[in-house]
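Index from 1, following the sequence. No experiment lies behind these values; they were computed from the predicted model shown.
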Amino acid sequence: MNETATRIDPVPDGGRLVVVGGGMAAMRFAERLHAEAPHRFKLTILGAEPHKPYNRVLLSQCLAGEVATAEIGLCAEDWFDKAGIDFVAGETVTALDREGQKVTCQSGRVYSFDRCILATGSAPFRLPIPGHELAGVETFRDLNDLERLAAGVGPGAPAVVIGGGLLGLEAAYGLSKLGAQVTVLHLMDRLMERQLDARGADHLLTALKALGLRVILEAESAAFKGEGRVSAVQLKSGEELAADLVVMAVGVRPATRLAVEAGLTVERAIVVDDYLQTSDPTIFAIGECAQHRGIAYGLVEPVYEQAAALAKTLAGHATPYCGSVCATSLKVAGVDVFSAGSLGGAEGADTLLYDAPADGVYRRLTLTDNRLEGCVLVGSISEGPFYRRLINEGRSVAAFRSDLLFGEAYIDAEALKEPPAAEPQEADRPSLYLEPNQPLPPTQKEAC
């Protein structure tokens, strides 16, 4: 389908909007639509979980006991009532009727719509290996998973987390805080390979080991052992690891069943154009279930940007969504990590690098033709928003390239105001590389 919608028909006042999904995407859409057109439409949100929207990003902190589950809600208890929005929890949609413009739920209820917004998110992938059906083999995606994980281990109990990405490491950290003896198995040769380069991943690995986590890289699970309940994980290498609990955090799949059965265009996820419109002009999709320009985003910020753009469009102010610069800002097992843009850059890209293992600080910037394309920060991430802004702007950094690695505070304010009229020739300038543990220069304020 075309990347740009040919027509966005206006929604009449009082029009019926039905959102399928009650997660973070649905919540942000409701907030933005209420801000754009308060009480103008009849908005119904159908959430499969028996909870109002909550912040999934904080689940690992809940598991670790650092945040109470009561504190992760995304709105006040009476927000939907005050906004005139009908939020129905525990309502699973089982069928989408495009011709009749209605959805049918497991409860038997039917909701008609003038426009339908699919915000069904994604579901965790379970490894189809022997023993995966055993009790104690869990995923970590929602509040129900959280409760099972917290009840599944006690102090000193062995637990295995499969997957060294963000969710796996967060689960491992939470379980370790509960007193479990945690081993992380990761198929790749470095942790968080989508967000970190090799050296950044090494910094993270060192920090995790210091917390008492065992990490085995390039490890492939072959089977789960146990009688009724898991007791061990067998690796393809032949090694067996004792496990009272196994957490599979090996990725997610967009929840597309409704769209497929309704005959919408679906590839990896539900295909949408620049106005988040599916192949049916009355149906839109946002969040992890949507595929825009070939990309299905799994981070919060792109989801929020899609929700905000769609709210404006349905309120009558057609606003295209043109994609997002993927940026990750998070604390992994107590270690600050930030990455944005491209990890590798184009062929011939330059690298600016600062590596201080003793301080736990790592910075790597990737530039092409004096334009910042990507960054990886570990340990100290305060400059992340500045670097992301430069990536988004796509402007030349030639005028302050030599200071770029040290952050915004080290760059002359005049140089940041406008790009230089004529860029200096940089082709022969070598990449900046600071030797390990070489200190960053003081800021102007510190020098005073």
Side-chain angles (χ1 to χ4, degrees), residues 59-60 63-64 122-141 145-146 148-150 152-227 229-253 298 328 330-335 337 378:
L59 283 176
S60 60
L63 181 61
S122 58
F125 178 72
R126 294 181 69 93
L127 293 173
I129 61 178
H132 71 273
E133 75 287 348
L134 288 170
V137 178
E138 307 287 358
T139 57
F140 185 35
R141 185 68 178 168
D145 294 334
L146 171 66
R148 289 195 298 272
L149 264 59
V153 292
V160 173
V161 175
I162 303 175
L166 169 60
L167 194 59
L169 296 182
E170 289 289 88
Y173 175 67
L175 292 172
S176 70
K177 292 287 285 186
L178 291 177
Q181 298 298 312
V182 183
T183 299
V184 177
L185 306 177
H186 193 47
L187 185 62
M188 309 303 288
D189 62 355
R190 70 176 191 268
L191 298 171
M192 292 185 67
E193 68 279 355
R194 293 184 179 182
Q195 292 86 16
L196 297 177
D197 62 349
R199 295 179 72 157
D202 283 344
H203 277 265
L204 180 58
L205 178 60
T206 298
L208 295 178
K209 288 180 176 179
L211 292 173
L213 296 177
R214 181 188 181 194
V215 178
I216 305 177
L217 299 174
E218 298 182 278
E220 187 171 358
S221 302
F224 304 123
K225 301 290 191 70
E227 296 294 331
R229 183 178 179 85
V230 69
S231 60
V233 177
Q234 181 180 333
L235 304 183
K236 285 201 172 179
S237 65
E239 182 180 0
E240 280 197 11
L241 304 171
D244 289 354
L245 177 72
V246 174
V247 182
M248 284 195 279
V250 290
V252 297
R253 288 181 172 174
T328 304
L330 42 92
K331 186 181 288 288
V332 182
V335 181
V337 173
V378 179

*Mind checking whether Glu138 and Leu245 have side chains closer than 4.5 Å, heavy atoms only?*
yes

*Leu149 side, atom CG; Thr139 side, atom OG1 - distance, nearest 0.5 Å*: 8.0 Å

*Any idea which heavy atoms bring Ala223 and Ile129 closest together, and the distance?*
N-CD1, 3.9 Å

*CG-CZ distance between Leu146 and Arg141, expressed to the nearest 0.5 angstrom*: 14.0 Å

*Considering all heavy atoms of both residues, which atom of Leu63 and which atom of Ala171 are nearest to each other, and what is their separation?*
CD2-O, 3.8 Å

*Does any non-hydrogen side-chain atom of Met192 lie less than 4.5 Å from one of Val378?*
no

*Does the side chain of Pro130 reach to within under 4.5 Å of the side chain of Gln234, using non-hydrogen atoms?*
no

_Heavy-atom pair of closest approach, residues Glu240 and Ala232_ = OE1-CB, 4.1 Å

*Taking all heavy atoms of Ser221 and all of Ile162, pick out the closest pair and write down the distance.*
OG-CD1, 3.5 Å

*Is any side-chain heavy atom of Leu196 closer than 4.5 Å to a side-chain heavy atom of Leu191?*
no

*Backbone N/O of Leu166 and side chain of Arg194: donor-acceptor pair under 3.5 Å*: no

*Closest contact, heavy atoms only, Ala198 versus Arg190*: CA-CD, 3.6 Å

*Is any side-chain heavy atom of Val233 less than 4.5 Å from a side-chain heavy atom of Thr183?*
no

*asked:* For the CZ atom on Arg126, are there more than 12 heavy atoms of other groups (residues, nucleotides or ligands in this structure) within a distance under 6.0 Å?
replied: yes

*Look at atom CD of Glu227 and say whether more than 12 heavy atoms of other residues, nucleotides or ligands are closer to it than 6.0 Å.*
no

*Side chains of Asp189 and Leu217 in contact at under 4.5 Å (non-hydrogen atoms)*: no

*Take Leu241 and Leu185 through the test side-chain contact (heavy atoms from CB on, under 4.5 Å) and record every step on the way to the result.*
CA-CA 10 Å; Leu241 304 171; Leu185 306 177; 3.6 Å; yes

*From Leu169 CG over to His186 NE2, what is the distance, rounded to the nearest 0.5 angstrom?*
8.0 Å

*Answer yes or no: is there an ion pair linking Asp202 with Arg199, defined by an N-O contact shorter than 4.0 Å?*
no

*So do Val161 and Val182 actually touch side chain to side chain, heavy atoms under 4.5 Å?*
yes

_Between His203 and Gly200 (side chain of the first, backbone of the second, donor and acceptor by atom type, cut-off under 3.5 Å), is there such a pair?_
no

_Residue pair Leu208 / Val184, side-chain heavy-atom distance below 4.5 Å_ = no

*What closest approach, in Å, do Ala243 and Val160 show between heavy atoms, and which atom pair accounts for it?*
CB-CG2, 3.8 Å

*Got a second to check how far Lys177's NZ is from Leu211's CG, nearest 0.5 Å?*
8.5 Å

